[in-house]
Amino acid sequence: MLASRRHRLRHFLWHAVRGAWNNPQLTDEAKAFIRDKGWSPPDDRAPMDAEGRLILDNHSGEDFLYMHRQMIKEVNELLAQLGEPQLAAWPSIPRPADHPDFAVPPAWTYSDPSENDATNTAMAARLQRVKSDGYFDNPIAIWEAFFTRPSNLAQLSLGALGNMLEMTIHNNLHMRWAREPIGYMPSPNFDDTRAIDSKWDAADYDYLGDTYSSHVNPIFWSLHGWVDSCIDRWAAANRISDVAWVGTWTGKLEDGWTHGAPEAITTAVRRQAMGAHGHAHGEHGQDDTDLRDMEAIVQKLGSCRVIRNFYDLLRDPD
Ligand SMILES: [Cu+2]
């Protein structure tokens, strides 16, 4: 169900829009286009400023925590309806060789045909490092200790915590547990003239390094379960029983959705999961204006070359 094009596009676009919103390369025309389609973040709330520095006081980190909490909640609801067990969060980040189920997949020879040789070589080396045992000790275990210490949590707003988590431990956990993908989906930054090819909608495209596919991978839910538990630790450290969320952006609210109960998974995806076996009727039979709109926004962002993904951190120098 999570492999549907609709759900992939929602997750991809949610990350892409907010990640690009303050990028100077994103033109006013592109922003107006996105706004017009109902996909702009409220109050221009984005995690980074025009220089790429984290903004810690605008509640955008709450959006990150809230949106993924919503995804977890909805998948758990679906699983309950299907009589399947609930998602299980990592209680702590798995240590090297500790959990056979959560062994770190081996590094591979990174070879994205859209990149040059030097970049691929550098990305392969970075991948080796992120996946090494030493990388668990430093920085992962240090980040984990920092983010779970109540005295630290009592000094951070929830939005600051969300942004810091996302850009440090979370992004790197995605790449540490990523397995060699079935192929490299061309970033719309390179190929903005065509819609994302439907071959990337196949269930085995579950690469943790790409927001188009990461949520199709079971590790995503373990990892995000740990991230989600940080909300509860933060609330406990601050003696808050009911979080007063400000950042609750989950993407465009489709018709019939309410602000009180936004949905990260569309009703169409739900219907598909619950409905008839065999063909995914939800994606064809009904109105797919939302799909076409999302595809158009992806191309617009790509034309400005502003889409970033988890794998992009392999490109960043240490
Ligand atoms: Cu996500």
Side-chain angles (χ1 to χ4, degrees), residues 1-21 39-42 45-48 54 59-78 87-90 93 130 143 147 158-159 161-179 181 185 187-188 196 200-201 205-231 245 247-253 262-266 269 294 297-298 301 306-314:
M1 63 173 182
L2 298 169
S4 79
R5 185 169 182 84
R6 183 171 267 115
H7 198 239
R8 287 176 184 276
L9 277 167
R10 279 195 72 86
H11 187 239
F12 182 85
L13 207 50
W14 185 86
H15 279 282
V17 167
R18 71 198 289 271
W21 200 248
W39 263 94
S40 56
R45 211 161 51 225
M48 285 169 291
L54 280 186
H59 308 289
S60 123
E62 287 190 19
D63 289 324
F64 170 73
L65 295 170
Y66 183 87
M67 202 290 267
H68 291 90
R69 170 162 278 197
Q70 198 69 23
M71 285 175 79
I72 292 169
K73 185 172 145 242
E74 288 172 12
V75 170
N76 273 333
E77 281 170 8
L78 275 172
L87 299 169
W90 279 340
I93 310 302
V130 171
W143 277 330
F147 286 124
L158 186 57
L161 175 65
N163 258 355
M164 289 166 68
L165 279 168
E166 179 182 4
M167 303 304 170
T168 59
I169 191 168
H170 158 267
N171 287 352
N172 282 284
L173 290 177
H174 268 263
M175 292 318 302
R176 182 172 169 84
W177 267 275
R179 190 177 290 281
M185 185 178 106
S187 167
I196 292 172
W200 304 107
D201 299 341
Y205 186 56
D206 63 352
Y207 183 33
L208 273 178
D210 182 352
T211 51
Y212 195 73
S213 49
S214 56
H215 60 288
V216 182
N217 189 312
I219 296 284
F220 176 93
W221 303 98
S222 310
L223 187 168
H224 270 280
W226 181 83
V227 171
D228 193 71
S229 69
C230 292
I231 303 170
W245 293 93
T248 59
W249 187 57
T250 58
K252 186 191 176 188
L253 287 176
E263 304 192 46
I265 298 176
T266 66
V269 175
M294 288 193 285
I297 297 170
V298 170
L301 289 168
V306 291
I307 296 177
R308 286 196 41 95
N309 223 313
F310 298 122
Y311 54 73
D312 284 304
L313 69 87
L314 299 178

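One-based numbering, in listed order, for ligands and for the atoms of each.
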Could you check whether His170 and His174 have their ring centres less than 6.0 Å apart? yes

Using the ring centroid of each side chain, check whether His215 and His68 are separated by less than 6.0 Å. no

Provide the protein N, O or S atoms situated under 2.8 Å from the Cu ion (ligand 1); waters are not included. His11 NE2, His15 NE2, His68 NE2

Check whether any side-chain heavy atom of Asn171 lies under 4.5 Å from a side-chain heavy atom of Asp312, and answer yes or no. no

Regarding Tyr212 and Asn309, do their side chains bring together a donor and an acceptor under 3.5 Å, going by distance alone? no

Contacts of Asn217 that satisfy side chain to side chain donor-acceptor pair (under 3.5 Å) - sequence neighbours left out: none

Side chains of Trp221 and Leu2 in contact at under 4.5 Å (non-hydrogen atoms): yes

